[in-house]
There are 2 protein chains.
Amino acid sequence: MRVEKASSTKIKNTKQRELILNELRKLMSHPTAEELYKIVVKKNPKIGLCTIYRNLETFYKQGLVGKICTKPVRYDGDMSKHSHIRCTSCGKIGDIFFNVPINPVEIQKLGYKLQGYKIEITGLCSSCIKKQKREE
Amino acid sequence: MRVEKASSTKIKNTKQRELILNELRKLMSHPTAEELYKIVVKKNPKIGLCTIYRNLETFYKQGLVGKICTKPVRYDGDMSKHSHIRCTSCGKIGDIFFNVPINPVEIQKLGYKLQGYKIEITGLCSSCIKKQKREE
DNA sequence: AGATAAATGAAAATGATTCTCATTATCATT
DNA sequence: AATGATAATGAGAATCATTTTCATTTATCT
Ligand SMILES: [Mn+2]
Ligand SMILES: [Mn+2]
Ligand SMILES: [Zn+2]
Ligand SMILES: [Zn+2]
């Protein structure tokens with residue numbers, strides 16, 4: 001018995017999709033769906049919040065945007081190879097442009113096939129370091 | 001982001017707390033609060049699910065257990081230094097006992113004070129690799 | 001244009017987690 | 001052991017980010 005092949009659904013290019021991706025790519029920040037919605041809705045007042053949710057997830061699955069699994073989830077229009085640091089004091093997400101290589105062979109030895117990895121770093125951002133010093 | 005007040009509250013040792021921590025430490029797995037509840041409730045049928053949630057989070061903040069920020073969140077009674085790999089096919093979480101060092105100085109150069117980091121690896125577990133091959 | 005298949009938007013549902021609050025347990029002091 | 005102070009518990013309600021449902025609209029193919 002033949003098992004149904006993994007979905008071959010054709011993705012359609014809608015105005016909403018284009019707008020959402022463009023606006024996300026313009027940003028240097030890592031917005032939540034809600035935050036991006038507030039920007040996008042100014043250019044298309046008819047757009048629905050769930051369309052933002054839906055498309056961000058689609059973009060992520062297509063490898064078009066990055067996803068940061070905070071709560072709420074944040075997305076990243078910058079696909080260059082980098083990591084993120086979350087400030088434990090103010091919650092801000094910053095970019096960390098340096099690389100920690102993981103060797104696929106090491107993972108293979110442990111019985112797994114490596115597909116991807118993310119490094120989630122926590123720390124204090126510069127302004128929170130200053131704030132902390134002032135309070136001392 | 002909520003700024004944590006320098007709490008001076010004394011933590012009391014309750015039977016529930018001890019039971020939850022002991023049962024978690026017995027496991028080799030990475031249970032959710034709900035999964036651990038199902039185990040714990042057999043030994044204390046009066047215990048409430050929210051007590052599991054509350055204490056797991058307390059243990060995490062005390063550095064007694066590890067936390068894996070999947071959805072739902074998973075906890076780890078094993079505090080030895082290791083990373084986790086999530087199988088993208090079956091969702092299982094496996095332990096990866098090798099180390100990827102991050103240099104605090106590198107982070108400092110970028111204006112941050114490093115506090116911690118986690119590496120979240122994704123891939124295929126051995127049984128899902130086999131399953132995939134069989135289907136070819 | 002007409003067919004068909006996917007995307008949208010509004011509203012409702014979901015579900016993991018957190019909150020509230022009355023009650024109970026723990027612990028340091030008498 | 002009794003007391004008092006305070007933290008923890010348990011039940012249920014609330015929260016809220018995200019997902020689902022479904023009627024309608026839109027994009028794309030022939
Ligand atoms: Mn980034
Ligand atoms: Mn582990
Ligand atoms: Zn900060
Ligand atoms: Zn698997």
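Residue numbers begin at 1 in each chain, while the letters A, B, ... track the order of the sequences.
Counting non-hydrogen atoms under 4.0 angstrom, Ile11(B) reaches the backbone sugars and phosphates but no base.
Considering only the side chain of Arg17(B), dT9(D) comes nearest among dA7(D), dT9(D), dG10(D). Checked against dT26(D), dC19(C), dA16(C), the side chain of Lys12(A) finds its nearest nucleotide in dT26(D). With dT17(C), dG9(C), dT18(D) as the candidates, the nucleotide lying closest to the side chain of Pro72(B) is dT17(C). Among dG9(C), dA6(C), dC27(C), the nucleotide with an atom closest to any side-chain atom of Asn13(B) is dC27(C). Nearest to the side-chain atoms of Lys15(B) among the listed nucleotides dT26(C), dA27(D), dG9(C) stands dT26(C). Counting only heavy atoms from C-beta on, Arg54(B) has its side chain closest to dA11(D) among dA5(C), dA5(D), dA11(D).
dA7(C) atom C1' lies 16 Å from atom CG of Leu49(A), rounded to whole Å. Asn55(A) has its CG atom 16 Å from the C1' atom of dT20(D), to the nearest Å. As rounded to whole Å, 17 Å separates atom C1' of dC19(C) from atom CD1 of Ile52(B). The interatomic distance linking Lys46(A) (NZ) with dT24(D) (C1') rounds to 13 Å, in whole Å. The separation between Leu21(B) atom CG and dA8(D) atom C1' is 16 Å, rounded to whole Å. Between the CD1 atom of Ile47(B) and the P atom of dA11(D) there is a distance of 10 Å, rounded to whole Å. Atom OH of Tyr53(A) is separated from atom P of dT8(C) by 16 Å (rounded to the nearest Å). Distance CG (Leu19(A)) to P (dG9(C)): 10 Å, rounded to an integer number of Å.
Along DNA chain C, the nucleotide nearest to Gln16(A) and the one nearest to Arg74(B) differ in position, and the one closer to the 5' end is contacted by Gln16(A). Take the nearest nucleotide of DNA chain D for Lys71(A) and for Thr14(A): the residue whose nucleotide is more 5' is Lys71(A).
Taking 4.0 angstrom as the limit, Thr51(A) places a side-chain polar atom (N or O) nearer than this to OP1 or OP2 of dG9(C).
A side-chain N or O of Tyr75(A) and one of Glu57(A) form a donor-acceptor pair less than 3.5 Å apart. Donor-acceptor pairing under 3.5 Å is recorded for the side chains of His30(B) and Asp95(B). Thr51(A) and Gln16(A) share no donor-acceptor pair across their side chains, judged by distance under 3.5 Å alone.
The one candidate from Arg54(B), Glu34(B), Lys38(B) that meets the side chain to side chain contact (heavy atoms under 4.5 Å, CB included) condition with Leu49(B) is Glu34(B).
Both cation-pi conditions hold for Lys81(B) and Tyr117(B): the charged atom is under 6.0 angstrom from the six-membered ring centre and inside a 45 degree cone around its axis.
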